[in-house]
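Single-structure report; data block below.
Note on naming: letters A, B, ... go to the chains in the order of the sequence lines (proteins, then strands), and numbering restarts at 1 for each one.
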Amino acid sequence: FLTFQVDNVKLIERYVTRKPSVGTLYLTTTHLIFVDSAGKRETWILHMHISGIERQPLNASGSPLQIRCKDFRCITFVLPRDRDCQDIYTSLQELSKPSNIESLYAFQYSQQDSDDKSYGWNMYDTQTEYLRMGVPNELWTLTNLNQNYELCDTYPSHIFVPTSANTPVLVGSSKFRSRGRLPALSYLHRNNQAAICRCSQPLAGFSARCVEDEQMLHSILKSNPKSKFMYVVDTRPKILLCHVYLIREYSICEMRNPNMSAFLQGLENSGWLKHIKAVLDTSVFIAERRSGYQFGHKFTDRLGILETVDAKEASPVYTQFLDATWQVMQQYPCAFQFNERFLLTLHDHAYSCQFGTFIGNCEKDRVDLRLAERTYSLWGYITKNMADYINPLYKKEYEVKTPVLIPNTGSQCIKFWKGMYNRYETGLHPREHISDTLSAAKDHSTSLEDHVRLLEKRVTQICKALGKSEDSIQKALDGFPSMESLNGILNDLPQTDTQSLLRMKSDEIHENEQMASKDVLNDVKSDTESGFDENGSQMSKSGLNEINSQMSKSGMEDGSVNMETSMMSSSMSNDNLSLDILLMEIRSVALDWRSFRNIPNCICASPFDSFIKKASIFIYYCYIHIFCYLQHHCWKCGQVFCTRCIAKSIPLPGHYSHRPVPVCRSCYKEIRHSPSMEFPPITNSVTS
Amino acid sequence: MEFAEFINTPKVDNVMLFQPFKNPQQGTLCITGHHLIFSTRRLDNTEELWLLHSNVDMVEKKSSPASLKFVMILKCKNYTMLQIDFQNAEDLNSVAMSIENLSNIDDVTLKYPFFYRAMFEPLEDGWQAFLPENEYTRFKECSEDWRLSYVNKDYSVCPSYPHAVIVPKSIDDDTVAKAAAFRQYGRFPVLSYYHRQTKAVVMRSSQPLTGTNNKRCKEDEKLLNAVLSIGKRGFIVDTRSSNAAKAAQSKGGGYEPEMHYSHWKRIHQPVERRQAFNDSLIRLMEACCDYGISMDKWLSKLESSNWLTHIKDILTCACTVAQVIDSEGANILVHGSEGYDTTLQITSLVQLVLDHDCRTINGFEALIEREWLQAGHPFNDRCSKSAYAVSKSRNEAPVFLLFLDCVWQIWQQFPCSFEFNEEFLILIFEHAYSSQFGTFLCNSEKERKEYGLSKKTVSLWTYLARPEILEKYLNPMYDPNPRVIWPSVAPQSLTIWNAVYLRAMLKQAKQKEAWEEIKKIQDHDKELRSKVARLRRQLALLEREAVGAGVMMPAGLEDEIIPE
C-alpha cells in the first residue's frame with residue numbers, strides 16, 4: 001500500500017549532533033515514515049501533525065525539506081533528487097490539510113483487534129457528569145431548549161440553567177450573547193453551592209442592554225444562596241493574543257545552540273509563561289473567591305471538561321490549558337491521578353485526528369458526523385492502557401482532605417515545560433525517570449503480594465500435611481524455621497527442649513536459618529542477606545541483582561537435586577501438591593525485576609528511546625506495523641521488553657488470585673504448555 | 001565570657017515571630033553568646049527556634065513609632081528569613097545591635113564549634129575518616145606510578161596543601177619543591193583523580209609564574225612530563241580565556257607556553273572569576289526575594305544575574321575534561337589562576353561524572369574532603385558572608401555553592417544514580433556557611449591544625465556517620481549506576497534550585513510529601529521482596545521435610561516443565 005518511496009534520504013534532527021542517518025522515506029496515505037538503513041529506528045510522522053513544510057535551498061548533498069510538527073518536532077529530510085522533494089512537498093501540503101472532515105485519519109483508523117468502536121464513547125455522559133456535581137437540584141435545572149441545538153449550536157444538547165430563569169429569559173439572553181452562547185452552568189461546587197458559568201461576550205455594542213440577560217445573571221446570582229456577589233471574569237485579551245505567543249514559542253524551541261541568556265531572553269520575549277501565569281492567576285482568583293475549583297483530581301473530572309472543549313478552533317488555548325495543568329502538577333505532585341504522559345497524549349491527539357474524540361467543534365457536529373459509530377474514542381484507548389498514564393504518587397486522600405488546590409502563581413514558580421516543547425530533543429531531559437521506575441515498583445509489589453498469599457497457602461498446606469500445630473504454622477509463616485527441619489540440620493541444638501529454642505534470640509534463629517537455607521538452596525545466599533540488611537545498606541544491592549536474576553534458575557536446580565535425593569513415596573496424602581507444582585509456582589514469579597536503566601534495545605531489537613517513548617505512546621497502526629517504545633516488565637521472568645513483545649496476559653501459577661498479568665512471549669508459551677496447569681489459561685491481549 | 005559585653009538585653013518578652021509558611025507566634029526571645037532563641041513557652045507544646053548568630057547575614061530594622069511597629073528582619077545565610085516584631089524601639093535596637101555584633105565576630109576560636117559538645121556517642125571520628133593516607137591506600141592498588149609525598153609535611157612548600165600529596169613516583173621531593181616555587185602560592189601539580197577504565201589522570205595546580213619575561217622551570221616541566229607515557233599527549237585545561245591568561249602575565253602569572261611544554265596541548269575553557277560569581281548571587285537573590293514580581297521582570301532579572309550561565313560554563317568545562325579522560329584516555333592538568341576556586345569546581349565535578357563512588361554518601365564526603373577541604377579552598381574567606389550582607393570583603397564568593405548547585409543539576413537529571421537526596425546537598429550548603437561543626441572552619445589544613453580543630457571541635461562527618469541521621473539523607477530511588485553519567489548542559493535542562501534560593505518563597509512541603517510517598521512505595525517493595533525470599537526458603541525446608549516424611553510426592557515431570 002506504500003504509495004511513494006525514496007531511497008538514500010538523510011534525516012537531520014535538531015540537537016542531534018551525531019551524523020545524520022541515511023535511509024528510506026515512505027509516504028503513505030496517513031503517515032510519512034522514515035526507516036534508516038540499519039532498520040533500527042523508524043520515524044513516523046502523522047500527516048495531521050504537520051504544521052509547516054518548507055523547501056530549503058538546494059545544496060550539494062541534495063534538496064532539504066524541513067517539516068515542523070504540531071507536537072513541536074522539527075525534522076529535515078535531505079532528498080537526493082529535487083523532483084522527489086517537490087513531489088513529497090506537494091502531496092504533504094495536500095495531505096496535511098484535508099479539506100473534508102470525512103477524510104480525517106480517524107475515519108480510516110482501525111485497530112487490530114476487532115474491538116467495538118463504541119467503547120469509550122459513552123464513558124462521559126453529560127448528564128452523569130452533572131449528576132456527580134449534584135445537579136439538577138432545586139436551584140439548577142435541565143432545560144430542553146437546546147434539544148436540537150436551536151438555542152446554541154455550539155453547546156451540548158443538555159444545558160443546565162438556574163431554576164428561576166424561565167424560557168423567555170433564556171432565549172433572550174442567548175440572543176444577546178455572541179453565537180448564542182448564553183450563560184450556562186459549567187461546574188457546581190458541591191460544598192458551598194458556588195457555580196462557574198460560562199458564556200460568550202455580550203453583543204452590547206455601545207449602549208445596548210438586554211433585560212433578559214440581566215435577569216439571567218441575576219438568577220444565577222440567586223442560585224447561590226450563600227453569596228451576595230457574583231464575579232464576572234473576562235479573559236478576552238489574554239486568549240486573543242496567545243496565538244502569537246505560541247508561534248514565538250516555536251522559535252525558542254528551534255534555537256540550535258542557544259546560550260543561557262539567549263534562552264532566557266527568548267522565553268521572556270515569547271511571553272508564553274506570562275500567559276500561563278495569567279491563566280493560572282485567573283483560575284486561582286476564581287478558586288479563592290469561591291473556595292472551590294477542584295482542579296482536576298480524577299480522570300473523569302478532566303475528561304468531562306475536555307469533552308466540551310472545541311479543540312480545533314482554540315488550539316493554543318488548549319495547549320495553554322494543558323500547560324497550566326502541568327504547572328499545578330509540578331506544585332502538587334501527589335494530587336493528580338494522571339501523569340505528564342497523559343497530558344502529552346491529550347495534546348498529540350487533539351491534533352492527530354486518530355480518534356474521533358476531538359473531531360468536530362461541538363456536540364452537534366459530533367452527532368452529525370456519527371463519530372461514535374465510525375471512529376474510536378480516545379478515552380476508550382486511554383482506559384485500556386491506563387497503566388501508562390497513572391501517576392504512581394497519586395494519593396487518594398487528596399480528594400477528601402484537600403479538594404481544592406490553590407497553586408502558587410508567583411512568577412518564580414512558573415517553569416518552562418521542556419517535556420512538551422522540547423520533547424524530541426532527547427538529550428535535554430532527565431536521563432532517569434522516577435515515575436516509570438516507581439510504576440514498575442508498584443506493579444512488582446502487586447505481583448509479590450499475590451505471590452506471598454500463595455506461598456502462605458502452600459506453607460500452611462504442607463504444615464497441615466505434616467500434622468503441625470496452628471502455632472508452629474504461624475511461626476513458619478512468620479519466617480521462623482520449623483523445629484523439625486532444624487533438628488535435622490543442626491545437631492548441636494537440644495532436641496527435646498523446644499520451648500527454650502523458641503525463646504532463642506531472633507537473630508540467632510536467623511543465623512540458623514541462614515545455615516539451613518545455605519544447605520538447601522546453596523545459591524541463594526543473597527536472599528538471606530537481603531532479608532535482613534537490605535533496608536540498612538543499599539550499597540550491597542548492585543551485586544545482588546546479578547545473582548538474583550539467576551535466582552529462579554538456581555532455586556530450580558537445587559530443587560531438582562532435592563527431588564532426586566528424596567525417597568519416592570507412594571503415600572501421597574495431599575492431592576495436587578507435588579514438588580513439580582511447587583517449583584513451577586515459585587519459578588513463575590520473578591523475585592526481582594530488571595531495572596530499566598541501560599537497556600538500549602528490546603530483544604526484538606527495537607530500540608528503547610528514553611524520551612521518544614513518551615511521544616510514541618499512542619500506537620500508530622498501519623497495516624502490520626505496531627510499534628511502541630515503552631518499556632515493560634514480564635511478570636514472570638522480570639526482564640524488560642517493548643510493548644510489542646509483551647502482547648499477552650496470562651495468570652501465573654505462582655499468583656493466588658489467578659489474575660492475568662503481562663508476560664513476554666516465551667514465558668507465555670512456557671506457561672501455556674506446562675502440563676500441570678491447574679487452571680485454564682485466559683488469553684487477553686494487553687495492547688490493542 | 002567576652003560575649004556578655006555585646007548582649008545588652010538578654011531576654012525580651014512578648015515578641016511576635018513570623019516565618020514563611022507558618023502562623024505567627026508570640027513568645028519570648030533570648031540572646032546567648034551564639035544563639036538567638038525564641039520560645040512560645042506554652043505548657044502544652046513549647047515550640048523553640050534556635051538560630052545561630054553566625055547564620056545571620058543581615059539584620060534589617062523597620063520601626064514606625066506612629067503605628068507602634070518595631071520590626072526586625074533577619075536574613076540568613078541559608079536564605080531563610082525571619083521577622084520579629086517588638087513592643088518598643090529600645091528592645092529592637094538593643095537586640096538588633098547584639099545580633100549584628102555577634103554575627104560578625106571574626107576570631108575563629110570564638111566561633112560556636114569550639115563551644116559545641118556532641119550530645120551523641122560518636123561512632124567514628126570524622127576528622128580521621130578521610131586522611132590523605134587512607135585515600136592513597138585505596139588508590140595504590142590501581143597504579144604503581146604514583147607515590148605519597150610528605151614534602152609538605154610542615155606546610156612550608158605550599159601552605160594551602162595538605163601534609164601529604166600524591167606525585168609521580170619518578171619525581172623526588174627536591175624537584176617537587178623547586179617546581180612549587182614556579183607555581184603561584186606553591187601549588188604544584190598534584191594528582192586529583194585516577195580514572196581506572198582508561199588509566200588517565202586529572203591533576204590540578206595553580207598558574208605557572210612565567211611573568212612577562214617568559215621564565216621557565218625545568219623541574220616543573222619534568223614533573224609534568226613524568227606523567228605522560230611515551231608518545232602520548234596530555235591536555236592542560238585553563239579555566240581562563242586565552243586573553244585573561246595572557247593578561248595574567250603582567251601580574252607575574254601566566255600559562256604554559258607551547259615551546260617548553262611540547263607534549264601538552266592547552267585548551268581554554270573560560271569560566272568567570274570569583275567577583276562575577278558574587279555579583280551574580282546578589283542579583284539572583286534580589287530577584288528570588290521579590291514577591292509579586294511580574295513574569296517579564298523575573299525572567300530578565302534571572303537572565304541578567306548570569307547565575308545559570310555560570311552553572312552552564314562550569315558544567316561544560318567539567319564535561320569537556322571528563323570526555324577527554326573517558327574517550328581519549330589522555331592525562332589532564334586543570335588550573336586557573338590560584339587554583340583553589342574554579343579549578344576545584346572542575347576537578348570535583350569531573351569525578352562526580354566519571355566515578356560512581358563519588359555519588360554515594362561516603363564517597364561524596366570523601367570528595368569534598370579531598371577536593372575542597374584538603375585542597376585548600378579558603379572556606380573561611382569565601383563563606384563568611386552571603387548574598388544579603390552589606391559589607392563584605394573582596395574574598396567572598398559562592399564558589400562552593402556553585403559547585404553544589406552543579407551537583408544538584410546533575411542530580412536532578414539522574415535522580416536514581418545518587419545515594420543521597422536533595423536534603424543532603426542543602427545540609428552541606430548550610431553547614432559550609434554556618435555550623436556547630438568544625439569541618440568548614442579555617443582556610444587550609446595548616447590553619448586547622450594550628451587551631452587544633454580535630455581536638456576541640458566535632459566534625460560534620462562524625463555527625464553524619466550515625467545511621468539514624470544518615471537515614472534522612474538517603475535517596476529512596478538509588479540504584480547504583482557504575483557508568484559514566486553525561487549531564488545535559490543545554491539551557492532548557494538547567495533550572496533554578498528552588499529548594500535553596502526560593503525556600504522563603506515556595507513551600508517545599510508538597511515535594512517532600514512526594515518523596516515520602518516514593519520512599520513508602522520503595523520500602524514496601526523491598527519488604528515484600530524479603531518476605532517472598534523468606535517464605536520461599538521456608539517452603540524449601542518444609543518441602544524437604546515433607547518429602548522425607550513421605551507426605552508429599554516428588555513427581556518426575558521436571559524435565560518436561562523445564563525447557564532449557
Given heavy-atom pairs under 4.5 angstrom as the criterion, report whether the side chain, backbone, both or neither of B:Trp515 touches chain A. side chain

Given that the side chain runs from C-beta out, which part of B:Asp313 has a heavy atom under 4.5 Å from chain A: side chain, backbone, both or neither? neither

With a 4.5 angstrom heavy-atom cut-off, is it the side chain or the backbone of B:Ala509 that approaches chain A, or both, or neither? neither

Which atoms of A:His444 approach chain B - backbone, side chain, both or neither, heavy atom under 4.5 Å: both

Between the side chains of B:Ser280 and B:His310, is a donor N or O closer than 3.5 angstrom to an acceptor N or O? yes

Could you check whether B:Trp411 and B:Phe420 have their ring centres less than 6.0 Å apart? no

So what's closer than 4.5 Å to chain A heavy atoms on B:Ser304: side chain, backbone, both or neither? neither

Please classify the contact between B:Leu502 and chain A as side chain, backbone, both or neither, with a heavy-atom cut-off of under 4.5 Å. side chain

Less than 4.0 angstrom from a charged side-chain N to a carboxylate O is my criterion; do A:Glu670 and A:Arg587 meet it? yes

Is any side-chain N of the basic residue among B:Asp290 and B:Lys301 closer than 4.0 Å to the acidic one's carboxylate O? yes

Salt-bridge test for B:Lys472 and B:Glu423: reply yes if a basic N is under 4.0 Å from a carboxylate O, no otherwise. no

Below 4.5 Å, heavy-atom pairs only: which of A:Gln330, A:Lys442, A:Glu449 has the largest tally toward chain B? A:Glu449

Is any side-chain N of the basic residue among A:Arg453 and A:Glu456 closer than 4.0 Å to the acidic one's carboxylate O? no

